[in-house]
Amino acid sequence: MPTVNVIGAGLAGSEAAWQIAQRGVDVNLYEMRPVEMTPAHHTSAFAELVCTNSLRANAITNAVGLLKEEMRRLNSVIMQNADANAVPAGGALAVDREPFSAGVTAALKANPHIHVVNEVVDDFPEGITVVATGPLTAEGLAKRIVALNGEDGLHFFDAAAPIVDASSIDTNIAFKQSRYDTGEAAYYNCPMNRDEYYAFQDALLHAQVAEGHEFENLTVFEGCMPVEVMAERGRRTLLFGPLKPVGLLDPRTGKAPYAVVQLRQDNAAASLYNMVGFQTHLKWGEQKRVFRMIPGLEHAEFVRYGVMHRNTYMNSPVVLKDTYESTKRPGLFFAGQMTGVEGYVESASSGLIAGINAAHLALGEPTETFSTDTEMGAMAHYITHTSPRHFQPMNANFGIMESLDKPIKNKIERNQAYADRALAALEQRQLQQA
Ligand code: FAD
């Protein structure tokens, strides 16, 4: 039976190696630390948490909570060590970071199927391989990935606008229309009068910006300038940028609004909309406060906030299958943040699927697509089926899952229904595999 290579022992690579080994397949796990460090890691431990110690919400009525529960049911090494090292954090699952990483490291090193190699990998090894080298992938391998996927296949900078849950947009205020009424009414338009515009511009100027890491102080390209930086350039600058009102008529007044914020459909199910031109470096709490001043977004739920940071991620809708296998090279899998899933738990869950599929191949079995009734299957589907033109990394959320047969108004009941259906789908899978 072939040995599988896993490159990178972060959140995704550790989970992938574990899942492969659980299926009796041997793994070479390559990790460059401590031979070479990334700008964000400080230790040589596997699955190091580079920033917060929170793995976010724990209840299954929250999408990332459901994702964690799905992973527990699939014997996740990340979840076992997270639960074992939990610290009090209200409704969230936060961990004592050092014993958490030490626990993952010890479990992998003690596994007889896992052979750890501490070196920097610059090329894809021969044979079945999972690449999980994260947002700070070392340069040599990043170049190799560009060579495989083509120039547009890898992004190095994430300048993402916030994405809102469509059901939280107030459609009594926000109206659907395309500029100059051309084509299908593809956008939601949030109209502002003069006073609302200047109050909003003022709030942007005084909002708190997230602290940058030294390596994130990249030159801001004009094309992806943060909305708050644009607001500093002049009282009316935004009116010629993301808030320009031209070609739009508010059906409630029959007149052109003073300013308009547009939201563009982000997924095929039209359950998510992104704020056009609103890439931002504001703190997440500030984004919620300031962007809720926009008429129609007073109760907006942000499924992901805007971010601007260094991030290596592929154009997965073009280069990846929903099994996490490359469309370019059979037997080569990618996992983690570099596939366009965003966050510790999301990264680990992609490693879990990639690992299971790499093991399937090694065992001579067909690869497996996870149901979009599950959050982990929905994430795999989203990153490989959404529009490649505007592809940006995505957090777990209910908006990307298969819609429910019957709509449920109450949010908690609706989320519970998503969760029940997801866990039933996983049970069904286990029964089929038994
Ligand atoms: P990583 O966990 O980074 O693992 C990649 C591994 O590959 C590393 O161990 C690295 O040393 C190794 N590696 C890289 N190149 C090579 C090579 N050529 N050869 C061998 N080994 C290699 N997410 C959150 O959920 N919450 C946060 O607060 C958060 N803060 C972040 C802050 C920063 C500064 C950054 C950069 C990211 C942050 N993220 C955060 C995103 C975070 O990176 C991911 O959630 C998660 O770590 C991604 O897991 P991963 O396995 O894809 O990558």
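Ligands are counted one by one from 1 in listed order, and the atoms in each one are counted from 1 as well. Side chains are part of it too, since the values below use all heavy atoms of this structure and drop only hydrogens, waters and symmetry mates.
Salt bridge Glu69/Arg72: present, at least one basic N to carboxylate O contact under 4.0 Å. We find that Arg144 and Asp122 are not joined by a salt bridge, their nearest charged nitrogen and carboxylate oxygen being 4.0 Å or further apart. Remark: Glu368 engages Arg429 in a salt bridge, criterion side-chain N to carboxylate O under 4.0 Å. Between Lys411 and Glu301 there is a salt bridge, since a side-chain N of the basic residue sits under 4.0 Å from a carboxylate O of the acidic one.
For Phe200 and Tyr197, the distance between ring centers is not under 6.0 angstrom. Aromatic rings of Tyr324 and Phe333 (six-membered ring for Trp) have centroids beyond the 6.0 Å cut-off, not under it. Aromatic rings of Phe291 and Phe278 (six-membered ring for Trp) have centroids within the 6.0 Å cut-off, being under it.
Distances from atom 3 (O) of ligand 1 to the heavy atoms of Gln337, Glu342, His41 show the closest one on His41. For atom 1 (P) of ligand 1, the choice among Ala16, Gly10, Ser54 with the nearest heavy atom turns out to be Gly10.
The N/O atoms of Ala12, backbone and side chain alike, include one that comes under 3.5 Å of an N/O atom in ligand 1. At least one N or O atom of Met32, backbone or side chain, sits closer than 3.5 Å to an N or O atom of ligand 1. For the pair Gly343 and ligand 1, the shortest N or O to N or O distance falls below 3.5 Å.
Neither the backbone nor the side chain of Asn311 has any atom closer than 4.0 Å to an atom of ligand 1 (non-hydrogen atoms only). With a heavy-atom cut-off of 4.0 Å, Thr52 touches ligand 1 through backbone and side chain alike. Within the 4.0 Å heavy-atom criterion, the part of Ser347 lying near ligand 1 is the side chain and not the backbone.
Residues Gln262 and Asn189 bring a donor and an acceptor atom of their side chains to less than 3.5 Å of each other.
Contact annotation: Glu346 has no heavy atom less than 4.0 Å from any atom of ligand 1.
Listed by number with element, the atoms of ligand 1 under 4.0 Å from a non-hydrogen atom of Ala132 are 5 (C), 6 (C), 7 (O). Close approach of ligand 1 to Val121 is summarised as follows: ligand atoms under 4.0 Å from at least one heavy atom of the residue are 17 (C), 18 (N), 19 (N), 20 (C). The atoms of ligand 1 that sit less than 4.0 Å from any heavy atom of Leu11 are 2 (O), 47 (O), 49 (O), 51 (O).
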